[in-house]
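Worksheet for the structure shown next.
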Amino acid sequence: MQEFKHEIARMLTDKLPGSDIDFEGLMEIPPDPAMGDYAFPCFQLAKQLRKSPIKIAEELVGQLEPNGIVSEIKQVQAYVNFFINKEELSRKILTRALHHPLDYGAQNIGANKTVAIDFSSPNIAKPFNIGHLRSTVIGGSLKSIFEYLGYEVQGINYLGDWGTQFGKVICAYEEWRDEVDLTHEPIKQLLKLYVKFHEEAEKDPSLNEKAREWFKRLEEEDPVALELWEDFKDITIETLIQVYHRMGIEFTEYSGESRYFKKAEQVADMLDKKGLLVESEGAMIVDLSEYDMPPFLVKKSDGTTLYSSRDLAAAIDRYERFGFTQSLYVVGQEQTLHLNQVFKVLELLGYDWAERCTHVPFGLYLFSGEKMATRKGRIIYLEDVLDDAVELIREIIEEKNPNLLEKEQVAEMVGVGAVLFADLKNTRIKDVQFDYDKILSFDGETGPYLQYTHARINSLLKKAGKEIEVDQIDFGLLQENEEKEVVKAVGYFPDKIQEAAEKLEPSIIAKHLISLAAVFNTFYNAHRVITDNEEVSKARLALALAVKITLSNGLRLLGIKAPEQM
RNA sequence: GGGGCUUUAGCUCAGUAGGAUAGAGCGACAGAUUCCUAAUCUGUAGGUCACAGGUUCGAUUCCUGUAAGCCCUACCA
């Protein structure tokens, strides 16, 4: 839709040359489409020209002439309202969509630029719970969005596969290995050990000491410790890959903290050489009080490194390997301080690319108002949520469309899609109250609503059975207001993708798809597509196809599949 | 104590980089299917935009303060 805005801005600039007003930037969309497609408010001009804004609007309307693109110009109070020629609008927008069935809205603005995205990044030896969903789906969507815009994207799964927690798991395994059977649901077994460790450690603090011992052995590459750790790691990754596959998520690489535990020492040395490292309470820290931040802990008092220095090493490694233009960290808002510290320390180390690192924070899932805590076993497994959703969809299919082919595949697509969409439609930064009923409701603003609209258009097109030849459509036949609203929603799609990339906010696409489906369904309900009038039918089928194309591409950017039937 | 984020209809949330009568979904109520999938659509009811100041021709939107909720605040990640 940008081109229409450009055109209107150009018309205004022609009438008011020499004005330093940003016509395009000031332009708005009127609250009611009956008022116009675009509006220009005259308040700023009023200030500059020292005339009443209403009068200016009046004068402008008198001077501006409708043309092939703008069919009507109206003054309403202090606004100049523009109506875009329906035929022109439909031809431009729909032709473009129909010519790009697989990549409508894609661009090449990211050519020769690399974006590194750190997302999902769960802890090994802990279950993949619903809390990991947000990073996974937001990151996965951002990856798709940037790729769509022509960027090279490095999707990095930075596993939490190192740290004291492994000392704890190994220690627990050594203490109570008879109580678990790692051949069956190994992750849940490991979690049981982890939870038990914390329970027992409260009674017997010496366990914490033993755990630290084990981790130290790990860092010293003790073979016994290493072998156990490798086993835990392998069985976890195996399970993880299955879940990612279900969600259509792919990573460029599986990395992890363990990869950097040696480099972390080097980073600590660098910090020391730069004179940034100071000793405090037996530990080694970087003093950030000058920047209004608490100290950045680099080495614990027992001499081992912790996540902080590994994060530094990983950041440096990413820059060295990818030369990124942006490095994104899709990590919960709870880690805001930590990441700000990391970026600041990188800057202090003299890396000017530190400013290219961005934290993409998101709100947490809350359970009855509280954060989820693995240590207390207060968790909900993502897999269970997905399974429940799929099962419910199965029932709905039996009830509403028992003759559907490939029921199982469709149930999987719709069930998983519902869970993904329920998450992605939320504004990133806000905490999300975990509400099972809401995730498993499929009416209204949901993933299934979009998929249903898509499937219905598909069967409509099949029923019509006509090849749609773009050059032979008479776009002038799309004169209904409902049709125009659909065309505009299709036209806004590319703008929304770009906005989503700029704001790092997939929910912008999710919300736009909802409004696209809504205006289409309104149209679909008010007018027949297949009519006695051959030419009108063709034009409307073209419109419907454009919506289908937009929905399927949009859903793909969210990681959601669009079944042809449901 | 300090810092960050949040606060809009009964519930869950939008609100386009200050502007025209604040919008959806769910829930409630009333309707639409001889006709392209009713997982849909149409309508009704429901709002001191947390509160108080300030900037502005104009503030739900920007600034300050207050309150509430969540998170962080060195040897977990």
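No hydrogens, no waters, no symmetry mates; every other heavy atom, side chains included, goes into these values. Quick note on labels: first sequence line is chain A, next is B, and so on, each numbered from 1.
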message: For a quick test of reading the model, state the closest non-hydrogen atom pair linking A:P33 to A:F83 and the distance between them.
response: O-CE2, 4.1 Å
- request: Could you run through nucleotides 17-26 of chain B and give me one letter per nucleotide, 5' to 3': B if any protein heavy atom sits under 4.0 Å from the base, S if only the sugar-phosphate is that close, - if neither?
  value: --BBB--SSS
task: Kindly state each residue pair satisfying side-chain hydrogen bond (donor to acceptor under 3.5 Å, both in side chains) with at least one member in residues 440-451 of chain A, sequence neighbours excluded.
output: A:Y449-A:N521
query: Residues in ring pair (Phe, Tyr, Trp, His ring centres under 6.0 Å) with A:Y158, at least two apart?
result: none
- prompt: Are the ring centres of A:F434 and A:Y436 closer than 6.0 Å?
  reply: yes
field: Stacked pair A:Y524-B:C41, distance under 5.5 Å, angle under 30°
entry: no
Between A:T531 and A:N533, a side-chain donor and acceptor under 3.5 Å: no
query: With sequence neighbours left out, what residues match A:Y452 under ring pair (Phe, Tyr, Trp, His ring centres under 6.0 Å)?
result: none
query: Heavy-atom contacts under 4.0 Å between residues 418-432 of chain A and RNA chain B, which residues?
result: A:T427, A:I429, A:K430, A:D431
query: Does any donor atom in the side chain of A:T427 or A:K511 lie under 3.5 Å from an acceptor atom in the other side chain?
result: yes
Produce the list of close N/O pairs, under 3.5 Å, pairing protein atoms with atoms of nucleotides 49-51 of chain B; give distances to one decimal.
none

statement: The nucleotide from B:A74, B:A38, B:C71 with an atom nearest the side chain of A:L364 is B:C71
- request: Any chance you could encode RNA chain B as dot-bracket? Rule is Watson-Crick or G-U wobble with both distances under 3.5 Å; [ ] for pairs crossing earlier ones, | for another strand.
  value: (((((((..((((.....[...)))).(((((.......))))).....(((((..]....))))))))))))....
- prompt: Distance only, no hydrogens: is a donor on one side chain within 3.5 Å (strictly under) of an acceptor on the other, for A:Y260 and A:D317?
  reply: yes
- request: May I have all residue pairs that pass salt bridge (charged side-chain N to carboxylate O under 4.0 Å, His left out) and include part of residues 400-413 of chain A, sequence neighbours excluded?
  value: A:R246-A:E412, A:R394-A:E408, A:E398-A:K407
query: What nucleotide, of B:A74, B:C72, B:C5, holds the atom closest to the side chain of A:E334?
result: B:C72
Neighbours of RNA chain B within residues 528-548 of chain A, by heavy-atom distance under 4.0 Å: A:R528, A:V529, A:I530
query: Ion pair present between A:D302 and A:R212, side-chain N to carboxylate O less than 4.0 angstrom?
result: no
task: Using the P atom as the reference point in each nucleotide, state the distance between B:C62 and B:A14 in Å, no decimals.
output: 15 Å
- prompt: Does the pair A:R259/A:D161 count as a salt bridge with the N-to-O cut at 4.0 Å?
  reply: no
- line: Sequence neighbours excluded, the answer for ring pair (Phe, Tyr, Trp, His ring centres under 6.0 Å) partners of A:H359 is none
- prompt: For the side chain of A:Q165, counting heavy atoms from C-beta on, which of B:A39, B:C76, B:A74 is nearest?
  reply: B:C76
query: How does protein contact run along nucleotides 42-47 of chain B, one letter per nucleotide 5' to 3', with B for base contact, S for sugar-phosphate only, - for none, heavy atoms under 4.0 Å?
result: S-----
- prompt: If you look at every strand shown and take non-hydrogen atoms under 4.0 Å, does A:Q451 touch a base, only sugar-phosphate, or nothing?
  reply: nothing
Check: A:F166 ring centroid to A:F215 ring centroid under 6.0 Å: no
- prompt: Is the shortest distance from a Lys or Arg side-chain nitrogen in A:K55 or A:E58 to a carboxylate oxygen in the other one below 4.0 Å?
  reply: no
statement: Residues at least two apart in sequence or cross-chain that pass ring pair (Phe, Tyr, Trp, His ring centres under 6.0 Å) with A:Y291, listed by chain then number, are none
message: Can a donor-acceptor pair be found, under 3.5 Å and without considering hydrogens, that links the side chain of A:N401 to the backbone of A:M566?
response: yes
